[in-house]
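Treat the numbers as computed from the prediction; the structure is a model and nothing was measured.
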Amino acid sequence: MSEDQFFKEKPQTNIIAQVVHRYMPFWPVFVLLTVISLSVAFIYLRAQTRIYVSAAKVLLKDPQKSGSDSKVLDALNISSEKKIVENEIIVLRSTALIQKVVQDLDLYTTIYNEGNVQTEELYGDNSPLNFIALNKDSITGAGKHFFDILWDKKLVDINGERIPFNGTLRMGTTDYKLLINPNYNSNVTGKKYFAIFNSLPGAAGGIIGSLSISPQSYNSTVLDLKIQSPVPAKGIDILKRLFEIYNIEGIQDKDRISVGTLAFIDDRLNTVIAQLDSVEINIQYYKSRQSITDLGSQASLYFGNIKSMDERNSQLELKMEGLRDVQSYINSKGRRPGTVPSLSLVNDATLSGLLSQLYAAEFDLDKA
């Protein structure tokens, strides 16, 4: 039998039909495995904590475009360093800045509800109470502690102690005030609450790890900030407070630079004034010792005096001419009637009065 005859005589069957015919008896096993896989996937996804991403943008102002103030500081060579995007990213993610956010928002203590499948973080209005540190500069970690709230008795049962609402609890070396949330539904039962008390560096480190900052584009001064949190409201509050503290720190930094600049300018002015005073004193001492005078000033003063004396001399000559006319009038009285000298140049009141009387008598005589 040839090879062609063999293939022609063998019937050709559908491969899909062969697979179905071979594995059809095992269909209950496939159904069972599918149900188990879907159930495991559902339980896994149900047990996982949802993570939300809160995003924001911040614009860094370019100091080179800030106006005349920056130019003045640059001219004095004492201006602050330019805002570089990488530097501002480091500042925004710095431990000191994030610790202030933790202190302001009281994030050093985290409240949870441990369910049968999932552990839920409680924050804001969804939290039955808050642990507020009385001295936020000495917060130390105290670990995980379960507690229960006795709403009817207004007590909080924690570590075998029953603390009244708004009372004080000591954890480690830190005193906390138990601030009850009045908006929380007190009828909710079956909750298994616990709190994790972190230190400031620990709480800040957790936020820094979930915070990502990157420039929007190359050579751009716009930064994209994203923070991951199981509670969206918590991420939004963190970003808002971070921006507020960042702006406050920037203003305080500018104030420190301005104060330092003014102090530097005042110091330099005082130094220059003292130096100028010293130089002026030395010049005056040298002139007096060497009998050096300012010829230009002396010449101006001399010619001014001459001009003043010429004016006074002209005035005196004019007055003398007037007096000579009066004298000539009196001496020649009777020979030249009707000739009366002017009294405008006579400043003496007595002489002026006598001449007026003389003129009046002469006038009366002429009329008679």
Side-chain angles (χ1 to χ4, degrees), residues 41 44-66 80-114 118-127 130-131 133 136-137 139-141 143-144 194-254:
Y44 174 79
L45 294 176
R46 180 70 177 81
Q48 292 299 310
T49 302
R50 294 184 179 89
I51 301 298
Y52 299 89
V53 177
S54 302
K57 298 181 185 295
V58 59
L59 172 63
L60 302 178
K61 188 176 181 181
D62 189 357
Q64 295 181 352
K65 302 178 181 179
S66 59
S80 60
E81 60 186 29
K82 302 299 182 183
K83 280 192 173 182
I84 304 175
V85 175
E86 290 78 5
N87 292 345
E88 298 308 310
I89 292 176
I90 295 175
V91 172
L92 285 168
R93 299 185 78 250
S94 63
T95 303
L97 218 63
I98 301 299
Q99 283 188 3
K100 291 183 179 179
V101 175
V102 172
Q103 289 179 333
D104 293 345
L105 298 179
D106 301 313
L107 301 179
Y108 38 80
T109 304
T110 310
I111 310 298
Y112 294 93
N113 173 37
E114 185 177 297
Q118 184 181 19
T119 299
E120 177 188 10
E121 181 179 347
L122 306 179
Y123 177 79
D125 291 337
N126 196 31
S127 177
N130 290 322
F131 293 86
K136 296 184 180 182
D137 293 330
I139 298 176
T140 57
K144 178 179 178 181
F194 69 90
I196 296 180
F197 296 86
N198 295 313
S199 61
L200 284 180
I207 294 176
I208 293 174
S210 62
L211 179 64
S212 62
I213 307 175
S214 61
Q216 191 172 16
S217 61
Y218 183 73
N219 287 335
S220 174
T221 58
V222 178
L223 299 180
D224 288 328
L225 282 80
K226 296 180 181 180
I227 186 169
Q228 298 180 357
S229 174
V231 183
K234 182 178 180 180
I236 294 173
D237 290 344
I238 290 175
L239 290 179
K240 286 183 178 179
R241 190 56 188 161
L242 178 60
F243 292 153
E244 292 174 357
I245 295 176
Y246 174 75
N247 290 332
I248 292 173
E249 290 290 328
I251 293 172
Q252 292 178 351
D253 184 60
K254 289 182 179 179

* Asked: Considering all heavy atoms of both residues, which atom of Lys136 and which atom of Tyr108 are nearest to each other, and what is their separation?
  -> CE-OH, 3.8 Å
* What distance separates Asp224 CG from Ile213 CD1, expressed to the nearest 0.5 Å? -> 10.0 Å
* Short side-chain to backbone donor-acceptor contact, Tyr52 and Gly235, under 3.5 Å -> no
* Asked: Closest approach of Tyr112 and Ile196, non-hydrogen atoms and distance?
  -> CE1-CD1, 3.7 Å
* If only atom types and distance count, is the side chain of Ser127 paired as donor or acceptor with the main-chain N or O of Gly124 below 3.5 Å? -> no
* Partners of Glu114 by salt bridge (Lys or Arg N to Asp or Glu O under 4.0 Å), sequence neighbours excluded? -> Lys144, Lys192
* Asked: Among Leu60, Val222, Ile89, which one satisfies side chain to side chain contact (heavy atoms under 4.5 Å, CB included) with Pro215?
  -> Ile89
* Spacing of CG belonging to Asn130 relative to OG1 belonging to Thr109, to within rounding of 0.5 Å -> 8.5 Å
* Asked: Is Asn126 close to Glu121 at the side-chain level, that is, under 4.5 Å between some pair of heavy atoms?
  -> no
* To do: List for me each residue that meets salt bridge (Lys or Arg N to Asp or Glu O under 4.0 Å) alongside Lys226, sequence neighbours excluded, and say none if there are none.
  => none
Side chains of residues 237-244: which donor-acceptor partners sit under 3.5 Å, not counting sequence neighbours?
unit_1: Asp237; atom_1: OD2; unit_2: Tyr123; atom_2: OH; d: 2.8
unit_1: Arg241; atom_1: NE; unit_2: Asp104; atom_2: OD2; d: 2.8
unit_1: Arg241; atom_1: NH1; unit_2: Glu244; atom_2: OE1; d: 2.5
unit_1: Arg241; atom_1: NH2; unit_2: Asp104; atom_2: OD2; d: 2.8

* Structure fact -> Leu97 and Glu249 have their tightest heavy-atom pair at CD1-CG, 3.7 Å
* Looking at Ile111, Val231, Thr110, which one forms a side chain to side chain contact (heavy atoms under 4.5 Å, CB included) with Leu122? -> Ile111
* Structure fact -> In this structure, OG of Ser94 is separated from CD1 of Ile208 (nearest 0.5 Å) by 7.0 Å
* Between OG on residue Ser212 and CD1 on residue Ile227, distance to nearest 0.5 Å -> 9.0 Å
* Asked: Is Thr221 close to Glu88 at the side-chain level, that is, under 4.5 Å between some pair of heavy atoms?
  -> no
* When the ring planes of Phe131 and Phe197 are compared, do they come out parallel, tilted or perpendicular, using 30° and 60° as the limits? -> perpendicular
* Closest contact, heavy atoms only, Val102 versus Ala203 -> CG1-CB, 3.9 Å
* Structure fact -> Output for pair (Leu200 CG, Ile98 CD1), nearest 0.5 Å, gives 12.5 Å
* Once you round to the nearest 0.5 Å, how far does CG of Leu107 lie from CD1 of Ile207? -> 5.0 Å
